[in-house]
Amino acid sequence: MARSLEKMASIDAQLRLLAPGKVSEDDKLIEYDALLLDRFMDVLQDLHGDDIRETVMECYELSAEYEGNRDPKKLEELGNVLTSLDPGDSIVIAKSFSHMLNLANLAEEVQIAYRRRNKLKKGVFADENSATTESDFEETIKRLVVDLKKSPEEVFDALKNQTIDLVFTAHPTQSVRRSLLQKHGRIRNCLAQLYAKDITPDDKQELDEALQREIQAAFRTDEIRRTPPTPQDEMRAGMSYFHETIWKGVPKFLRRIDTALKNIGINERVPYNAPLIQFSSWMGGDRDGNPRVTPEVTRDVCLLARLMAANLYYSQIEELMFELSMWRCTDELRSRAEELHRNSRRDAKHYIEFWKQVPPTEPYRVVLGDVRDKLYQTRERSRHLLTNTISDIPEEATYTNIEQFLEPLELCYRSLCACGDRPVADGSLLDFLRQVSTFGLSLVRVDIRQESDRHTDVLDAITNHLGIGSYRDWSEERRQEWLLSELSGKRPLFGPDLPQSEEVADVLNTFHVLAELPADNFGAYVISMATSPSDVLAVELLQRECHVKQPLRVVPLFEKLADLESAPAALARLFSIDWYRNRIDGKQEVMIGYSDSGKDAGRFSAAWQLYKAQEDLIKVAKEYGIKLTMFHGRGGTVGRGGGPTHLAILSQPPETVHGSLRVTVQGEVIEQSFGEEHLCFRTLQRFTAATLEHGMKPPISPKPEWRTLMDEMAVVATEEYRSIVFQEPRFVEYFRRATPELEYGRMNIGSRPSKRKPSGGIESLRAIPWIFAWTQTRFHLPVWLGFGAAFKHIIQKDVRNLNMLQEMYNEWPFFRVTIDLVEMVFAKGDPGIAALYDKLLVSEDLWSFGEKLRNNYEETKSLLLQIANHKDLLEGDPHLKQRLRLRDSYITALNVCQAYTLKRIRDPSFHVKLRPHLSKEIMLKDILESNKPAAELVQLNPASDYAPGLEDTLILTMKGLAAGMQNTG
């Protein structure tokens with residue numbers, strides 16, 4: 001190697017040289033990052049020797065030099081180093097940089113938690129720099145009382161009636177395996193403890209050893225999924241967060257709410273049955289475009305969640321029994337305890353030992369003992385049903401609804417309060433009651449999502465069987481007339497003789513599962529591609545025909561631009577139907593999709609249409625006296641509606657939240673929001689505080705002249721976006737050559753296909769891989785395309801419009817959030833990296849097209865900075881700017897590795913300084929399981945199509961870049 005280890009600077013010195021100075025007094029990020037990387041370099045040297053460590057350092061230095069001066073020659077030098085490696089060494093280098101980015105993320109999380117603790121100690125809840133992303137609950141309610149002159153009672157009443165429903169989805173964006181996430185958590189804990197003030201020298205040494213051990217364990221773990229996860233796997237992964245943080249995090253958070261209320265003069269606690277936080281799931285219920293989600297899968301995940309819930313309650317109930325050992329109680333509770341004691345000793349053999357130990361002088365333990373036994377039976381019956389075993393446990397011996405479960409707990413709570421033991425009642429028992437009210441017997445409520453055309457197929461089969469024509473060919477008016485006549489009648493619509501295709505049977509069997517399982521397993525029935533009232537009425541009719549005892553609420557999902565534009569009219573037609581208004585009892589939920597609207601028209605136009613659609617939908621609901629809940633289908637990326645929670649909520653139109661909010665938490669965002677206890681607390685706090693603030697201090701409505709400007713810009717933005725993405729003849733070819741979109745499926749990170757249809761262009765591609773592919777190349781085209789044309793048009797038309805845009809940025813939360821998020825994306829972007837992908841992967845006749853797009857990128861960035869009145873990107877957020885700069889060099893190394901690896905995979909004739917072809921596909925796990933040098937693990941064979949090791953190298957770069965860019969889905 002050109003540089004010897006002795007001459008190379010340490011990682012710590014490199015970081016201090018490249019990173020900006022400390023942003024604040026409590027800034028320890030560079031120190032944390034340097035420690036983790038120093039320990040990792042020791043691990044790397046021990047496992048793979050000096051040469052590999054030196055190569056990693058050389059790649060890091062070349063990347064850093066490129067980041068310093070943007071000289072493309074440095075990328076070429078870096079490419080030469082990477083392509084000269086043996087395939088096995090190439091895997092190790094890609095794995096190293098991916099691992100380094102994960103460590104950088106962990107350092108950031110510890111730094112964020114450290115800053116937060118410092119602020120709380122000093123009594124400071126937010127500062128100018130954190131205000132854009134933080135939303136401290138105590139600070140929020142104090143501001144509402146002091147600045148807005150709201151009474152504490154008003155705040156308390158608003159809070160008690162507020163509902164936030166977080167809907168976990170298994171969209172394929174979580175690229176990190178669960179086993180690695182757990183190791184990352186232990187690294188994070190070791191790092192935080194190492195910097196504790198009261199740590200002893202011995203503790204420090206032991207923690208340092210543990211840190212190095214965990215870093216090595218993470219590095220030696222194969223992070224590549226070899227097979228796609230099943231929907232059940234996704235469900236188990238999603239539910240693991242309840243075990244680890246959410247289950248205990250919710251009651252702790254609600255106690256903090258109680259404390260904050262007490263500090264403004266409210267001496268009541270939030271009622272345990274206030275629906276403040278709720279959880280739902282699409283895992284195992286979202287069948288839109290996913291053939292692997294069958295009725296059997298939905299049944300399995302519901303029973304699995306029910307089993308998990310019973311197990312969590314069962315593991316906690318004995319602690320509660322131990323705590324409530326007092327004898328004083330009300331006559332009501334004593335009578336119940338004596339009855340249970342007599343009956344249980346007489347009727348059940350397996351109770352005998354327990355009842356011998358618990359005398360009737362401990363009545364709370366007797367009552368809770370019966371709760372424990374029923375929880376055991378509930379758990380075991382769910383286990384039997386899940387394994388398709390005939391259960392000998394009768395249903396009446398289990399809990400079948402939440403009221404049965406709550407009743408004995410409420411009895412104990414009332415008794416303790418009546419006997420002067422309220423402080424005891426407000427301890428673990430209150431926490432338990434809050435868990436029961438939040439999670440119920442099902443842990444989460446599973447939503448069902450299905451495409452409207454699938455329901456049309458079923459009804460078409462029915463009408464053809466009945467000989468009354470083809471439902472599919474009917475007009476909307478005739479469909480509505482027939483559906484309403486059937487809904488108003490009582491006769492069955494079809495019997496077992498209905499001819500059923502596989503697709504029709506799948507839909508009907510899903511409804512049969514809804515009828516079979518307890519109603520509290522399910523939340524909403526979401527109809528994707530909904531356009532008219534008949535789409536909703538069709539689901540209502542199918543629920544009735546399949547004997548669903550408590551029909552699910554039906555939620556139309558409006559996604560594409562045209563659907564959003566017509567949504568208010570569709571909702572008005574639906575509300576004008578008397579039968580339907582009587583059915584919904586004054587409440588309706590509507591889902592708006594951020595992903596497909598952005599893919600359809602670009603981020604600018606989609607954001608503005610989503611804003612206007614919400615305003616109009618609320619107006620329609622008001623006209624009919626309906627309370628409307630907006631269900632926001634946000635993704636992790638800005639291109640799919642992602643961004644800081646606090647900003648997202650506070651930038652919604654006035655009156656569109658009003659204390660009721662549903663929002664998806666997708667893919668890797670689940671880990672970022674609930675992966676650790678402090679992350680869980682922060683997430684719950686942000687949602688609760690921002691929702692409360694939006695309701696009590698609504699954001700301003702846009703001025704008429706702002707609306708006019710936005711409407712005009714949206715037309716221009718949509719026109720440019722579509723002219724390139726849909727109308728440029730060779731755009732699809734360019735996109736698939738210039739990004740790793742074609743290789744996306746190799747990552748095995750989701751159970752759902754990346755396309756709705758196996759063939760077709762951009763329109764058939766799901767929004768997630770569309771965004772993911774552009775994020776990998778740091779070009780982010782779907783996010784910014786259209787902005788520049790819109791701004792340029794409006795400013796050239798009248799230079800005074802620039803002043804108006806700046807006014808909008810300073811005064812209108814929606815516009816500011818839109819601009820700030822795109823500015824953040826530009827800070828993560830690099831057109832020089834995108835140019836490298838073009839040079840290596842795109843045919844020469846398309847180079848001019850790529851250059852044109854990059855010029856558009858630079859022009860858009862310049863206009864954006866003018867509107868924000870910023871000289872540099874992220875000048876208003878130095879903490880984020882520092883974090884991004886620290887990771888840039890790791891990301892650049894992975895980008896170059898990915899671009900050259902793609903070249904070698906797609907063009908087998910491209911072999912720079914490579915040995916002859918090798919016999920078998922060497923994989924990461926081969927290297928991890930062996931102490932031999934990577935090059936010795938393969939044999940020569942001239943018959944290979946391309947150099948082995950490239951498959952895993954590519955996947956590792958994709959995972960590493962996902963970790964580095966973070967909001968990838």
Side-chain angles (χ1 to χ4, degrees), residues 10-16 19 22-48 53 56-57 60 95-121 176-221 223 240-241 243-245 248-249 252 671-672 674-682 879 882-883 886-887 890 928 963:
S10 70
I11 286 282
D12 183 85
Q14 289 282 319
L15 284 170
R16 294 180 189 280
K22 280 195 170 187
V23 178
S24 60
E25 289 182 11
D26 56 8
D27 182 6
K28 288 183 173 289
L29 179 58
I30 297 172
E31 195 174 343
Y32 292 155
D33 207 31
L35 175 65
L36 291 178
L37 290 172
D38 198 44
R39 296 297 176 271
F40 170 62
M41 283 297 160
D42 291 343
V43 168
L44 188 64
Q45 185 169 341
D46 289 344
L47 293 175
H48 295 285
R53 174 178 170 141
V56 168
M57 287 299 298
Y60 178 84
K95 168 77 172 174
S96 297
F97 277 98
S98 177
H99 192 52
M100 289 155 77
L101 275 165
N102 281 315
L103 294 177
N105 288 343
L106 299 177
E108 287 179 19
E109 290 173 21
V110 174
Q111 165 66 9
I112 290 168
Y114 177 78
R115 286 186 65 229
R116 178 174 178 75
R117 283 195 302 272
N118 266 9
K119 287 179 182 180
L120 290 174
K121 287 177 185 175
V176 184
R177 290 180 59 203
R178 190 77 195 130
S179 56
L180 264 178
L181 291 172
Q182 292 168 346
K183 292 178 176 65
H184 291 167
R186 292 194 288 271
I187 293 170
R188 186 166 40 214
N189 291 339
C190 286
L191 182 61
Q193 291 175 56
L194 267 171
Y195 284 85
K197 287 187 177 179
D198 57 351
I199 189 171
T200 67
D202 287 347
D203 288 340
K204 188 169 184 177
Q205 182 178 340
E206 290 169 10
L207 278 168
D208 198 41
E209 290 174 359
L211 180 67
Q212 188 146 341
R213 184 166 58 245
E214 293 297 343
I215 288 173
Q216 180 163 334
F219 184 64
R220 295 283 266 189
T221 299
E223 61 182 283
S240 67
Y241 291 95
H243 281 276
E244 291 165 23
T245 62
K248 292 185 177 178
K252 284 182 181 178
E671 171 65 20
Q672 293 164 11
F674 296 101
E676 284 292 311
E677 187 176 323
H678 76 276
L679 296 175
C680 176
F681 181 89
R682 192 172 67 187
H879 290 283
Q882 180 200 44
R883 296 202 298 269
L886 269 177
R887 67 175 66 179
Y890 312 135
L928 296 172

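For this chain, numbers begin at 1 and follow the sequence in order.
Summarising the geometry of L191 relative to L211, their closest heavy-atom pair is N-CD1, 4.3 Å, with the distance given to 0.1 Å. The minimum heavy-atom distance between F674 and C680, with the atom names listed, is CD2-SG, 3.8 Å. Of all non-hydrogen atoms in A963 and N105, the two that sit nearest each other are O-ND2, 2.9 Å. Here the shortest heavy-atom pairing between Q212 and D42 reads NE2-CB, 3.6 Å. Heavy-atom minimum distance, Q111 versus K28: OE1-N, 3.0 Å. Closest of all the heavy-atom pairs between L679 and E671 is CD1-O, 3.9 Å.
Taking the six-membered ring where tryptophan is involved, the planes of H99 and H184 are tilted, since the angle between them lies from 30° to 60°. Taking the six-membered ring where the residue is Trp, Y890 and Y60 present tilted rings, their angle falling between 30° and 60°.
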- Query: Hey, mind stepping through Q193 and D203 against side chain to side chain contact (heavy atoms under 4.5 Å, CB included) and telling me if it holds?
  - Reply: CA-CA 9 Å; Q193 291 175 56; D203 288 340; over 6 Å; no
- Working for side chain to side chain contact (heavy atoms under 4.5 Å, CB included), residues N189 and E214: CA-CA 11 Å; N189 291 339; E214 293 297 343; over 6 Å; no
- Task: Please assess K252 against F681 for the test side chain to side chain contact (heavy atoms under 4.5 Å, CB included), listing each intermediate value before the final yes or no.
- Result: CA-CA 8 Å; K252 284 182 181 178; F681 181 89; 5.7 Å; no
- Checking side chain to side chain contact (heavy atoms under 4.5 Å, CB included) for the pair L35/R39: CA distance, chi angles, key distance, verdict? CA-CA 6 Å; L35 175 65; R39 296 297 176 271; 3.3 Å; yes
- Message: side-chain hydrogen bond (donor to acceptor under 3.5 Å, both in side chains) for Y32 and E108? Distances and angles first, verdict last.
- Response: CA-CA 8 Å; Y32 292 155; E108 287 179 19; over 6 Å; no
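Interatomic distance, CZ of R186 versus CZ of R213, reported as 10.0 Å (0.5 Å rounding). The distance from the CD atom of E676 to the CZ atom of R188 is 3.5 Å, given to the nearest 0.5 Å.
A distance-only check finds no donor-acceptor pair linking the side chain of E677 to the backbone of T245 [under 3.5 Å].
With respect to M41, the side chain to side chain contact (heavy atoms under 4.5 Å, CB included) criterion is satisfied by exactly one of L37, L44, V43: L44. A side chain to side chain contact (heavy atoms under 4.5 Å, CB included) with F219 is found for exactly one of L47, L103, N102, namely L47.
Within the 4.5 Å cutoff, the side chain of L101 has heavy atoms near those of the R887 side chain. Considering only heavy atoms from C-beta on, Q216 stays 4.5 Å or farther from D46 through its side chain.
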